[in-house]
Structures are given as structure tokens and as C-alpha cells.
Amino acid sequence: MATARPPYDKLVFELSAPGRIAHSLPECDVPVGDAAALLPREFLRAAPAELPEVSELDVVRHYSRLSQMNYGVDTHFYPLGSCTMKYNPKVNEDMARLDGFARLHPLTPEAGAQGALQLMWELAQDLAEVAGMDHVSLQPAAGAQGELAGVLMIRAYHLARGERRTKVLVPDSAHGTNPASTALAGYEVVQLRSNEAGEVDLAGLERHLDADVAAFMITQPNTLGMFESRIHQITDLCHARGVQVYMDGANFNAILGITRPGDLGFDVCHFNLHKTFTTPHGGGGPGAGPVGVKAHLAPFLPVPVVVRDETSGVFRLDWKRPQSIGKLQAFWGNFGMLVRAYTYIRTMGPDGLRAVADNAILNANYVLARLQSHYDRSATGYCMHECVVSARRQKRHGVTAMDIAKRLLDLGFYAPSTYFPLIVEEALMIEPTETESRETLDDFCDAMLQIAREAEEDPKLIHDAPVTTPVRRLDQTLAARQPRLRWTPPR
Amino acid sequence: MATARPPYDKLVFELSAPGRIAHSLPECDVPVGDAAALLPREFLRAAPAELPEVSELDVVRHYSRLSQMNYGVDTHFYPLGSCTMKYNPKVNEDMARLDGFARLHPLTPEAGAQGALQLMWELAQDLAEVAGMDHVSLQPAAGAQGELAGVLMIRAYHLARGERRTKVLVPDSAHGTNPASTALAGYEVVQLRSNEAGEVDLAGLERHLDADVAAFMITQPNTLGMFESRIHQITDLCHARGVQVYMDGANFNAILGITRPGDLGFDVCHFNLHKTFTTPHGGGGPGAGPVGVKAHLAPFLPVPVVVRDETSGVFRLDWKRPQSIGKLQAFWGNFGMLVRAYTYIRTMGPDGLRAVADNAILNANYVLARLQSHYDRSATGYCMHECVVSARRQKRHGVTAMDIAKRLLDLGFYAPSTYFPLIVEEALMIEPTETESRETLDDFCDAMLQIAREAEEDPKLIHDAPVTTPVRRLDQTLAARQPRLRWTPPR
Amino acid sequence: MRYIPNTPAQQREMLATIGASSVEDLLGRIPPKARLSRPLAVAPAMAETDLVRQLRAMAGRNAHAEACACFLGGGSYDHAIPSPINHLISRGEFFTAYTPYQPEASQGTLRTIFEYQTMMAELTGMDVANASIYDGGSALAEAMLMAAAVTGRRVVAMSGGVNPLYRQVAETYAEGPDVRIASVPVGDGGTDLDALRRAVTEKTAAVIVQYPNFFGCLEDVRTAGEIAHAAGALLVVAADPVNLGLLTPPGAMGADIAVGEGQGLGVPLGFGGPNLGVFACRMELVRRMPGRLVGQTVDIEGRRGFVLTLQTREQHIRREKATSNICTNVALCALMATIYVAILGKQGLRRVGELSAAKAHYAADALAAVPGVRLRYHAPFFKEFTLELPVSPDRVVKRLLKDRILAGIPLKTFDRAHRSALLVAVTEQRTRGEIDAYAAALARAVA
Amino acid sequence: MRYIPNTPAQQREMLATIGASSVEDLLGRIPPKARLSRPLAVAPAMAETDLVRQLRAMAGRNAHAEACACFLGGGSYDHAIPSPINHLISRGEFFTAYTPYQPEASQGTLRTIFEYQTMMAELTGMDVANASIYDGGSALAEAMLMAAAVTGRRVVAMSGGVNPLYRQVAETYAEGPDVRIASVPVGDGGTDLDALRRAVTEKTAAVIVQYPNFFGCLEDVRTAGEIAHAAGALLVVAADPVNLGLLTPPGAMGADIAVGEGQGLGVPLGFGGPNLGVFACRMELVRRMPGRLVGQTVDIEGRRGFVLTLQTREQHIRREKATSNICTNVALCALMATIYVAILGKQGLRRVGELSAAKAHYAADALAAVPGVRLRYHAPFFKEFTLELPVSPDRVVKRLLKDRILAGIPLKTFDRAHRSALLVAVTEQRTRGEIDAYAAALARAVA
Ligand SMILES: Cc1ncc(COP(=O)(O)O)c(C=O)c1O
Ligand SMILES: Cc1ncc(COP(=O)(O)O)c(C=O)c1O
């Protein structure tokens, strides 16, 4: 049933021929000597960098061929849990490429950047409304940097109140960036064990909430895709102890227009525009991780803040914020991603955003309903936008979550997230997103059920997978033992 | 060695779900009744057209997947003879998409289209210079329409001189459009037998050149990729009998800057901008087939002609040409293609254009030199931009040109043209173009030689080919016997 | 040269393999006196940055539909183009492929053409549509010649409501086959059916009408068809497929051949080209059809696949006996249309028609309300209509261009009798604001 | 909703399968009082045509580098971007893929990152480069923290020649780990090396310099390195990789860690983001490196393949002990840079440096020739330089904006001591005409 294609195994360096060129540069139109005359010798490269020498067709064909070795949302269903691999609208791309946005220098005088500043100002307003927060900074480059910014604001807040708190509580179900960002912000990370339902253990939380705790950081819905139903008890409990509560907003797709972090009692939350707001993942980035805060944290927001002069309606960057945590990246944020998110929000409107959450939840529960006969659930009750199942049963036949992932590739689907969250054995974290059709979900579920059968009847088929990809299973150990991290010319 | 990929076998209609939408249209902002109120009932469709109902992701994923079922120049070496499948520069695409070109209405007042008219005027000048002709019309939509325009101008020329000539001579090696266009222009087509070298048989030509002959139409270099060396005798002979000589310019890539149809004595020639001048083939079109003529044919050029007022420098469309053959398409030509060709010519300059021909010829002769040990040549001596070899020897092992073409697909190359020209048995017409590297040519030649060996040792391998494509050999007879020319819903 | 990969060193090695000492050696067959002894006199090569700057400047001098409110039609319409189209057609596998002569390596193109043929058949209401003809004008001309071939007759009756630019193309194509085109006048917006009756004889190969016609008016196609068929002639209908999401299709009104300009289906205005010639007919006529056809078949493993079929109609097989000389067509424009129709779909295309009609009627009212301005015809119209102006339409057009309004097409260029007529088109893209601004500017211009 | 495929009918069927009667049922776990009882107060949905019109208008209000001659630098540069880059990165298989966690279905991304790592190692002259960090600022901050981790020390000596925006980022990142940043002043354009000697102690984790520095001047990196190494500190060098096609790479001047803003390598200005954080170091330090790394390996059939490797440094494995918290990086910008470097290649990138340097020096002469204007420093510079103006730089910048010239960056925003300083950058894209026009306009502005 599967058909084969001729393999391609080149690196651009291997297409190189001395003296071949793919570039076109203007002649020098100024009457000055060449670089050697202008710059002291010691600053000029002794030997040229060993870069490729190829033609423009070499480049176009090489990268076109390489791209064909990928699965992407544009070509395949991509149910990678926690990553919200939804459709990235093409019109967003057109807008981000308008000269007025793409060719605008960050240090253009504000008078010459009013359109860009207005877009940022409006987007921050919209995100604040969506989150029920008072202020939003668009500067963080991704979710993890949003976390860092949020925790640093919490830190600054406590210090401003003369409190030297040293610990942050993080559930054992949290994504790795949560503890990593918290530690980077100078806090001792205390891991909270989740209860058997995978939720916050209130008693455990209460036990850990001592005077040294600066913040509690949780994901809502949590990484099992379940809504933390006792969220108000949690936030009240924390606030009663002067502890700030941070919401990891990676799962925002589940709650758009349904509920808001601010209304749940959170003091801070970040967004992943590359998840909820359709900016492309681009093979790993760039993303954008705006962070929203309640009013009491506003003084600590990163600089600069985009503000609007009420009377003149003029937009500008406000740098005069003495209590700010400072800057997170050199400029104002991943503006190109902000344009895409803005375009998306304007396209959807209030009802559209709500429909996103409704359909994301519906799709996830549909997949769960169809799979639960053959895969163990990680929690009871309805899930939100994603579901986590366990390959525990398949494991008995020697088929792991990883094996199932590989087999899915052969059946024409990208794989769910595997082995996350850590608290679920052989976890398969499936996030269909609202942009996938029932037909696609059925095809995927049929494949998952087929694999469950194969696990019992023909596990070898699964262990051999993938066989339809440009390469088959790769030797991770070799890669780590003898790291080859760059190409070197064959000697 | 080859790897398989999951098949995709959908048509967009099969993704349809009633009520699903992929479009976004504005609300009606004018206060008028709906169409039913505005238009008489009989003009309103009784039943809606059965069109797909899909989402935007359905559309993007479907056409992305379908595209992956194609080979293109961007992904594969594409040595399709006579088609000049060279690299299509990306900057051409950017220029053709500028709002000022892509969003310009053809009936914009001339004052509002000066940039477009100037581009057309300059391009016509450049093409005239490249061809050594006095005037060029950019209107023909493709080569075949250029041929029609050219032959109609010849016809009008003779008629204007009171001559009713009825025949046009065309060599048996000619491309099918030559006789087809000539017949469409109302002429009897007389096929001239080529000599054993595949060239024009001068004696035969002389014999046929009677008073009824209006024109002689040949391809230079000819369809064997050979330069007709006695071209001056040919054109002189024709002119002596009052016969016009037409050059099919499909092979212009071979002579850029080396020689010019006008200097060879041709009265008319057409260009295929989608061959020589890098406009993309787009899966079959659109192209552009400008036609160039000597001064004596200028009165007959298609209307309108882009002219420039010498004093004011203003460009306009000249419609007042009483002897014109008229129009070939509704507007002025395939302007989008003209922008690309203009961009290309400005990119290359005189030396670049000459280098194109030199390298096209070098590449073709290199391939010929590497293949001639195993494949029979169709002519002796050096070829121009392409070479035609015969699979005669392989045929003895039951391996045809078509079989070889299919096997090449499995080895990662598109196929040469097969069975053209008709005068060569088991013809394989190979045009590498100047944009391919020696490395690519070597890979291709190695594959051709491997196939020659396989033909002797393992013909079945070749007869089974292709096995790496989304489908294998297709039943042409079934398609023609029981034509299924549209999708119909499964009953 | 970034488009020419081989380096001097490689060129030398290749020459050695060939056994030549220089490229010059390879040119021996070209007579010396034929050789060009100087470089071509074209502008010197420009760097990408400089060239882009120059072309942006040239493009910037044009009054395009992004910078102006475009009320121009006449065979090319400013319908909105959904964003995904350009992204998808630009994929190299579609963009840089040739005609699908090797079907196994061209299923992507073949499948999209098969989808296109289906969509065009649905929209026109005909049995079968081909893979495309150059444009609406040449499609009409090919239909005329096909009708002549089918009927063995040499005269066609063409309505004065047919786009005059299409008619000029038809006249060019009629020259060789010696087909005579008899004109049938237009009355109050529609073809004069009595005149048509008089014009149609047993020599008539086809009656050719456009619907809606050049002046925007809806024609009585059914009656025209009855007149044609009564005389054993074919009915050829030219129609803009964009409109056929809402309007009764030619196939339902007796058309034997339906053609049209498909540019509105997602193809950029592009100063008039490339466009999309739509060509469809009844199944009995398919073997006389011009152009390529894609058919469904199976591969040796029984899998569904697609191929070019019925090629014995075509020039590369039939040569001078081919049904047409067309080879390269406008496949990529057909792909744009395919994706456009897939995106707009069953509901959307109909809605485009409804919006265009509504806005056109609003505009007609607003413009005809300007003192001295009136609608030229009383016949019902669709998205385009003809105004009668009290002053020179050329002057009005020039004047409104200053206000960034492309007001319409003065018809006097096509026929002196239309000296004071202005043809105005309104698509779903035009806003009420733009229409009102147009009316106000027109009032100033004619005051 | 064109982005939400499931129809009401399908939703009902799906609910039936789930065993729920409505989506509302699925929300049972959400406390009622937490529910939002009203629609979100964001602007209503807009049709694609209306929205595009609005965004084009917003974009049109910006003074971008296509409409103005851009002499702005300060960490973001208007280098020419070859056309193929956007076409290739826009291919959906690259554009809409996630981090290559399933390597068999991600070889395209993995191979391009491996190529990127190789190119950055070559340009910086270091052993190994990672898959990218957010931007130049955060890359510098990560380098600072890495140096502290490697040396177990808590103080870094940072040159005043480091981009003040990068320094602000470093200060933010220094807060948690409690790293102290000691400032080293700049003398006549370059870091004051005596001051540096005094600043560096056995507590110093790293000496951090930028080359060319923020003011455009070339730094004596070698000496800075000797000073650092003598004290057992690391040398961290921030450098723009575009320049390293021509300039001696940090690796050849003693750098232990090289970082930089790679935006100039084919990444659009984009109002400052996304950018490209380049991060490279010596092999011995690789296990302390932040960010992702792609390594070469083989598959079970022995074929070459690529995977994410040494992941035990990363947050998803090491959590609070990870070398950095970075997860999502800027892979697509790294791809732009990879294609950019492939296109420019060995000769082209060097040439970009030569052209930029030549035009910058021509511009410096032309501008410094304006009465009252002078170069602020005597130290050699590369493609950027600092002017001393007789009038307020802010006023000059405002004034020249009217002539569509983006004149430069007034430095007083960063340091009041630079009240009269203007930072001017010149890339290969600027023409002599633009530079001369700038000089003339400046003369008028300061007259
Ligand atoms: C739950 C969760 N938190 C945080 C992150 C980190 O976000 P980013 O990758 O944008 O830094 C992710 C991303 O995968 C995530 O899934
Ligand atoms: C020799 C020759 N003549 C004429 C043509 C027809 O040109 P077009 O396809 O542009 O109509 C071709 C195209 O393949 C050709 O190869």
C-alpha cells in the first residue's frame, strides 16, 4: 500500500563547487579603497570561512527536497499534545510580510512607527481582556521567557514589600520550563506531588505553603488536559499566605472565552501566541510569550511599555519605569508574531474565539471517547482541549508509547507527545485542536485502534516502524556518545 | 534503498461536508434587497452547483499533499527536450506579484498604466534585438499562438501584394503545433522529408518551392538539436521564390547572443518566454509567445501595438493599424509572464544571455558525450542545446524509450521527451539547460548508463518501473475507451 | 552568474570529456557570416537590489486596484482573491512542472486539472470541460471554429452583446478557416431576437451570445438557443463562471458549448494576462473539443490514477488535422481557479454573486441619481451596467483618476455609437463608502 | 468559521459518541462562578478583505526601509535579503512543523539546523554552535550565566562598548543567579583596557566585549582575552555574524563563547523581532551550553540521519537543573540564516562586508565633512560609526524623516553623556545617491 520514493541525502556543503555563486551584489559605487585599505590588517580574516559555493538552483532544489522530509500541519495531522498544532492561516503570513511591518527598523523614531505601536497596544489590550488581567507585556520571546518575566515580577513584588521569599512550588506534572524558569529567577523549586487524579493535592499544597514561598506555578487546564476544578480554593489558599499564583498559559486554547485566569484568581499568566493564536512553529520557533499581570504587579513590567497618550492618541514607548524588571530581549518583542496573532484575533472576534475553545474541547473528548476502549485513560471525567492516555496495556506486549508514535508516522500522522507529563506511565498526550475535521480525527483514531490490535497480534510490525520515512529509527546513543555537531569535509 | 511514503488518494470533493466553509466574505453593506428581489427568477439557479464544502485547512493540506505527487524543476532534474526546463528565478515571482503589476486592470486609462506600458515597450525592443527583427508583438499567449500570428501576417502580406498562395512547407521533424497552426491559418500543409542527417533536404525543398508556397516554417536549431548549417541557402532559396521563412523559436536558448534569426534571413520568428526566458511552466502553462517580424510585415502586426511618443516620452496603445491581422486574445498579452521575462533579461544582461547559450550547448554536448557509448545518436557532430538519442539498441532487449523514461522516475529524475521528433526511432530528447550543474548531469548520465546495463541484464526491473511514484503505470486505453472526465459522487 | 552553476574549471573538464578545446569548437556548424560579432545591445546586467528598486518604481507608477477603487470590468474583474491561493500555487512542485506527460510523476497536476474540469462542468452546467484555453477571447474563437467543424457550416451569428474584444479575436481566428461572422444588433440591452431570427439560416453553424452580455445585461439565452437549434445550429454561450454560482448555467438554457473568461476565479488582474479560458461542451461533442483533457483510470495495481486522454484530438498526435493548435495552455491559472472554487465552495460562490449584484444595483441607483446621468438600458443587469453621461466619459475617467477612482470603461473606443457610454462594474470588494465617493465625484465631474 | 471545520451536524454526532448532549456538558468541572458570563470584549470578527485593508493602512503609517533610506543599526541592520529565502522558508513542511521531536519525520528541519550549526561555527571560528537562542541580547545574557556556571564565579566585567540594550537584558538575567556586572568604560571608541585590567579579578567569571562594538568601533579583542584568561575568566565576544565573512572571527582572538545577533543574515528587520540569537563555544564547554543541539548519527539501516542530542542539558529532561530554561527558540530565523549563508556563500558574505565597510567609510567622510559635524571617535570602525552633532540629534532625525531618510540613532536615550551623538549604520544596500542626499539634508538640518 505504501509507495517508495528515491532518497535524498545531501548537505548543502556537499553541493559546493569552488567559485560557484548564488548571490547577486551591487558593484561598489563609492570611491574608497577596498576593505584592506580601510581596516587594520589584524581585523581581516586570514582565511575565508568555509562556506558553501552553490548556485541559486542548487539552493532552491536542496531546501525544497529537505522540506519534503518533514511532516508539518500543512501536510499532516499533528496531534502533538501541549503544542496546539493548529492551522496557521495564510493571511497572517501576508500581513506579517507587508513592507510597513517586515521592513520596519525597531529604532525608527516613534513618529514613524505609529502603525506598529498601535498594533502592539491593541494586541496587549485584547490579550489582557482574554486573560482577565490588567496589563500585558508583549516582550517575551516565548513561553519560557514569559515564565521568567512573570516569576521575576513576582520576585520584584515581594522585594518591594520587603519580603525575601526563597521558594516556588511547582507540581510534578509541570512542563520542564516551569522549574527551569523558576530556578533561573533565583528560586528554590519545590516539587508538589499531584494527587491520584493528577490534580493539585490541596492538603499537600497547604503543607508546603510556608512563609518562604513566593509563588505557586500551575498549568490550567493541567498537563493531563484536565481543568483544576478546585482552582479557587487553590488561589485563595495561596493568597491567604501572601503567595502569588502563576498560570502557565500553554493550554489557553481550552478556555478562550469560557473562563479567564484573572477571574480564577491568578496574579500572572503567560500566553504562547504560537499555540493559541496561530503563529507558526517554524520547526521549533520563533514564538511569542506575552505575559499578563494584575495591577499590583504592573510597576514591575518589562521596559519599554507601549502607551497611548489619551489626548493626542499618539503611541510611544514608555521607558521611565523605575521598578521594572528590565528587558528580556534587545527590542520590543517578536513583532512579526504579534502581527499574526493580531490578524487572527481580528479574524475570529469574540464568538470565533469562544468557538475555538468549544471545538478544541469537543475534538479532544471525541478522540478520548473513541480510544478509551483500547488505551488506558490518565484521568476520569471529561478532558479539556487534549487528552493523555497511557500505553500501559500495549507495554505488556512490549509495545511502548514511543513504538506507537513511530508506527503512526507510517500510517500518515505525526505523533502525539510521548512521556509527558512525567506522572503518567507510557504517556501519549493527544491534542487534536479545533482546526481538524471529524473525518481526520476518525482516520487517526482508526489508526490508533489498528495499532492497539497490531500490538497484540503483530508487535514486530510496530517495532520495525517507521519504514515509510526518509530514514528509519535513529541511534540516539551514538549521537550523544560521539557528538558530531557540525559537518566536516571528508578527508 | 528507496523508502516508501503513505499514499494519499483524495479529490477535494471527497473532503466535503455539508455546511463547512473555507471562505470569508464581507457582510452586505448596501441597503438593497437580495438577489432574488433584484433579478428575474429565470436567471437564478434552480439548484446550487455541486461544489466542495471544505475548511481552509482542508484546502491547504489537500493541495500541499497533491503538490508532493509532482516532480518539478524546483525538486528534480527535468531534462524534457524542447521544453527548456531551466530554473525559474524566485525574484521574477516577487516582481510579477507587485501590486502595481498584479493588481492592474487591463483597461486602466493609459495615463495610469505608464509603468506597465513602458515595461512592455522595453521588452519588445529587447526581444527584437535578441532576434535581429524589426518589430515584436507581445500579444500571443504561447508559442502556438505566436505561430498562428506569424503565419497570418505572412498570409496578409501576400494578400496585400495580390498573391493568393495556398501552401506552407513544414519539415517532418517539426513540432505538432507547426502544421496545426499553419492549417488553422488556412494553409495546406506540405510535409518536407528531412535528409538522413535530419536536416532540411535542399533539393527536396527546391522541388517543392512552387508559386503556391506562401512560407517555409522550420525550427532552428532543429528538433534534433542540430543547427541547420545551410540556413542561408535555405532562406535565399525561399526569398528568391517570394516565399517567407518562419523560424520556430522554441530552441532559442541555443543561440542567444550567438546568432539571430533576422541575420539568418528569417522573416518571422516566435519566442517561448516560458522556455528561453525563465517564466514558469506551471504544470502546462501559462506561457507567452511573442512574435518578431521584419519591417515588411510590420503593417500586419496584431493590435494594439505599444508605442512611445518620442517627444513626450508617453507610452500608449496604438489601435489604428488598418492592415493588422487583429487580436489574438482579449487583452495585451500574458503580462505577468512579460514581467518575469523582463526581470530575467535585466538580470542577465548581454554577457549573461550569451553565457546561457554557451552553457546550454556545453551541457548538452557533455551529456551526449557521456551517453553515446550506450545509446545511438540521431545525428553526427556537435549538438546545440539538446541532444536526441535513440533507444534502438535497448529496444532489442524489449526496452523502449518509454520504459527508460519510467525507470528514470524511480532513479530520481524526470524523463526526457520521448518519441519526438517523429523521424527518430525510439527517440529520447534530452535538454539539460544551462542551469544544471555538472554534478547533476553526471548523476543523470550514470543513471542512463545503469539503465542501459539493466536493459541487458534485468529488463524486468525496467518494465516494472516506476515503483517509487504515488501510482505505477497507468491504463491509458481504459482512460480513452471509457472517458471519465469529471468526478461524480458515489451513488 | 547565479543561474549558471558550472565554474570555468568544470567547463574545462567537460570540454575535455567532449573532446573539444572550447565552446567555440562546438559552434562549428554555424556559418561565420551568421555569427553575431558584437554583444547584444540590451541593458547591462543589474544586481538584484538595483533591479528590484527599478521595478518597484515602474510598478509604483501604475494606478492599480490596491491604490484605487476599481469599477473596471469589461472582461476582467476585481473579485477578492483568498490568501491561500498564492501560497499553494507557488509550491515549486506545481509551479515548475511541465505538462503532465509522465503521469506517474505528475499526479498532483493531473488531479487538480480533473478537479478543475469537474468544477467548470458544474458551474457551466455542461457535461465536460477541458483543461483550459488561453483566455475568454480565444475560447470563444475556438468554440466558433468547433461549431463550424461540427456542423460543417461556415457562418456564425454573433450577438452585438458579445465583448467586442472577444469578437476581434474571433475575427482573427475566422480568417484562415474562412468563417463569416454575421452581426446581430443589441436592442434595449439585450440581443435583438427578431434580428437574430432573420440572421439565422441553414448555413448558420452557431449562434453566439454572451450572458450577462458586454453591457452587463442578462440575455434571453433560451430563446436564442431555440432559434439556433431550429436551424440546426449550435448555441455557444460566453459566461463569466464567477457569476454562475448564482445564475442559471448555460447548460440549463440550451448551450451546446459554453466558454468564458475565468479570471474572476482567483486569477490576478495582471494587466489582462495571463487569464483563464474556460471551455465546456456536451459529451457528444467531446472528440471535437480543443485543448487537453484529463481522465480517470487505474494503475497496474488497480489504484485510481489520472492521465491526459483523448489526445488524438491534439496537435502533437494529429498535427494539421488537430482540433486546435493549442499546446501550452494556462494550467496554473486553472489551478488558481480550482483552489478558488474549493475555498468559496457551494455557498461562497453564490454569495459572491449575491454581493456583487446587490452592490452593483446600489451603485447603479447612486450613479444614475446624479443629475444628467442615466442608465443606458432597461434590461435587467447583474454586476455590471452601462451609464449614459452628459459629458465625455474620457474626461470623467481622467478626472476621477485623480480621486483614485477607476470610474469605468468609456465605450467609444469600441464603437463610436457609444460615444457617451461608460461601462461600470461592481464586485463584492467594493464598499458602500467607495460607491458613495464615486457618486459624489461623478456629480462634481458632470456638474 | 473557515478555521473550524466541524459542522453543527458533525458536532452533534461527535457529542453522541462522547455521550454528552452539548459542549456545555463537557465543561462541568469548571466552577460556575469562574465562568465568563459575557462574550469577550474584543473587536467583532472582520471579513478577510476588510481586515487586510485595515492592516495595510496600519502598515502604511510606518516609515519602513522600503520607503526610506535606512541608516539605522544598533543591533538590527538593513542588509539585502535574497529572494529565494522567503519562498523556501514558507514551504509548509518547514513552516508548520514543531521542534523535531520525531526525527524520522523531521529530517528536513534537523538537516537545516545541522547546516546552520556548521555555518555559525565557521563564521565565529568556534568549535560548536547551538540551534539558536531568542536574540543577540538573550544570547549574551545566557553566555554570561554559562560563564558563571563554568567558572563558579559571580562577577562579569562588561565593556561599555556592549550594546546597552543587550546589557539591560543581561542585567535582567543576572538578577536571579545574583551575578554582578562590573562596567568597563570605553575610551576613544574602544574598551579602556587599563580599566579592564583593574576590573578583572580572581572573582571574574567572564570578560564581555562586543566586536565591532556598539559605537561601530573595532575592539582589541585579543588583549581583552589575555586579560580574561590571565585571571581564569572566560572571554565572551558578541559579534554580528554578517561581518564575520570578512572580519577575523572571535574564535581566532581567544573567545571561549561567541554570541551575536544574526538578524542581518536574511532575517527581516520586523520592528526588532523575531531575531536570531547566535551562540557558539569551545567544545570543552558544550555540556554547559544552553539551547538545542543537532547531531549526526545513523539509522538502523546505517543511513546517515540527524537527531536532537545532548538533551540532558535541557529543561524537558533536567528541569530546574537545566543549563537554560529555553524551549521554543527561533528555528525558522536560523533557517533564513542558513539559506542566506548558502546563497551568499564563501565569496558573497565577504563581499557584503567589503561593500558595507566601503560605503560606511564613504558616508563617514561625507557626513563628517558637514560643517559642525565630526566623527566622535578615532578608533577604526566597520559598517557603523558615531557622529557628534552641533544640534540635537533628535531634531535632526525628525527633520530628515521628512526627507524619507532614517538618519541614525540618537544615543542620548541610552546615556545622557552621549547627548549629541548619533549612531549611523551603512549596509551594502545604501547607494552613493542616498548617502550624498543624506549629507546634503544633514547640512541643511545643522545649518
Ligand atoms: C505546558 C507548557 N509550558 C511551557 C512551555 C514552554 O513554552 P515555549 O516553548 O514557548 O517556551 C510549553 C511548550 O511546549 C508547554 O507545553
Ligand atoms: C519546437 C516547439 N515548437 C512549438 C512549441 C509550442 O509552444 P507552446 O507550447 O508555447 O505553444 C513547442 C512547445 O513544446 C516546441 O517544443
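Residue numbers start from 1 in every chain, and the chains themselves are labelled A, B, ... in the order their sequence lines are given, proteins ahead of strands.
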Please flag which part of C:I343 lies under 4.5 Å from any non-hydrogen atom of chain B: side chain, backbone, both or neither. both

Can a donor-acceptor pair be found between the side chains of C:R29 and B:Y382 at a distance below 3.5 Å? no

If you count heavy-atom pairs within less than 4.5 Å of chain B, which of C:T431, C:V341, C:T309, C:L349 leads? C:T309

Judged by atom type as modelled, is there a donor-acceptor pair below 3.5 Å linking the side chain of C:E171 to the main-chain atoms of B:G326? no

Got C:N6 and B:S437 here, is their nearest side-chain heavy-atom distance under 4.5 Å? yes

Of the backbone (N, CA, C, O) and the side chain (C-beta and beyond), which part of B:I258 lies under 4.5 Å from a heavy atom of chain C, both, or neither? both

Could you tell me which portion of C:P177 (side chain, backbone, both or neither) has an atom closer than 4.5 angstrom to a non-hydrogen atom of chain B? both

Just by distance, do the side chain of B:R260 and the backbone of B:E129 share a donor-acceptor pair under 3.5 Å? yes

Quick check against the 3.5 Å criterion: does C:K346 have a side-chain atom that pairs as donor or acceptor with the backbone of B:L51? no

Chain B contact via C:L218 - which portion, at a heavy-atom distance below 4.5 Å: both

Run the salt-bridge test on C:R318 and C:E314 with the 4.0 Å N-O cut-off and return the result as yes or no. no

What's the verdict on side chain to side chain contact (heavy atoms under 4.5 Å, CB included) for B:H232 and B:L264, showing C-alpha distance, side-chain angles and the deciding distance? CA-CA 6 Å; B:H232 285 110; B:L264 297 174; 4.3 Å; yes

Please classify the contact between B:Y87 and chain C as side chain, backbone, both or neither, with a heavy-atom cut-off of under 4.5 Å. side chain

Part of C:A131 lying under 4.5 Å from any heavy atom of chain B: neither

Answer with side chain, backbone, both or neither: which region of C:D78 has an atom nearer than 4.5 Å to a non-hydrogen atom of chain B? side chain

Is it the side chain or the backbone of C:L55 that comes within 4.5 Å of chain B heavy atoms, both, or neither? both

Which bit of C:A252 comes within less than 4.5 Å of chain B, counting heavy atoms only: side chain, backbone, both or neither? neither

Name the region of C:I317, side chain, backbone, both or neither, that has any atom closer than 4.5 Å to a heavy atom of chain B. neither

Ion pair check, B:E434 and B:K86, cut-off under 4.0 Å: yes

Is it the backbone or the side chain of C:V128 that comes under 4.5 Å from a heavy atom of chain B, or both, or neither? side chain

Main-chain N/O of C:G74 paired to C:N163 side chain as donor or acceptor, under 3.5 Å: yes

Answer with side chain, backbone, both or neither: which region of C:L72 has an atom nearer than 4.5 Å to a non-hydrogen atom of chain B? both

Please flag which part of B:M95 lies under 4.5 Å from any non-hydrogen atom of chain C: side chain, backbone, both or neither. side chain

Does the pair B:T177 and B:E147 meet the rule for a side-chain hydrogen bond (donor to acceptor under 3.5 Å, both in side chains), with working shown? CA-CA 8 Å; B:T177 52; B:E147 296 169 13; 2.8 Å; yes

Contact part of C:S324 toward chain B, heavy-atom cut-off under 4.5 Å: side chain, backbone, both or neither? backbone

Are the side chains of C:R350 and C:L247 in contact, using a 4.5 Å heavy-atom criterion? no

Between the side chain of C:D135 and the main-chain N/O of C:G137, is any donor-acceptor distance below 3.5 Å? yes

Part of C:V298 within contact of chain B (heavy atom distance under 4.5 Å): both

Output the option from C:T99, C:L26, C:T109, C:V23 having the highest count of non-hydrogen pairs under 4.5 Å with chain B. C:L26

So, the part of C:V286 with a heavy atom under 4.5 Å from chain B: the answer is side chain

For the interface with chain B, which of C:Q347, C:R351, C:M1, C:E354 has the highest count of heavy-atom pairs at distances below 4.5 Å? C:Q347

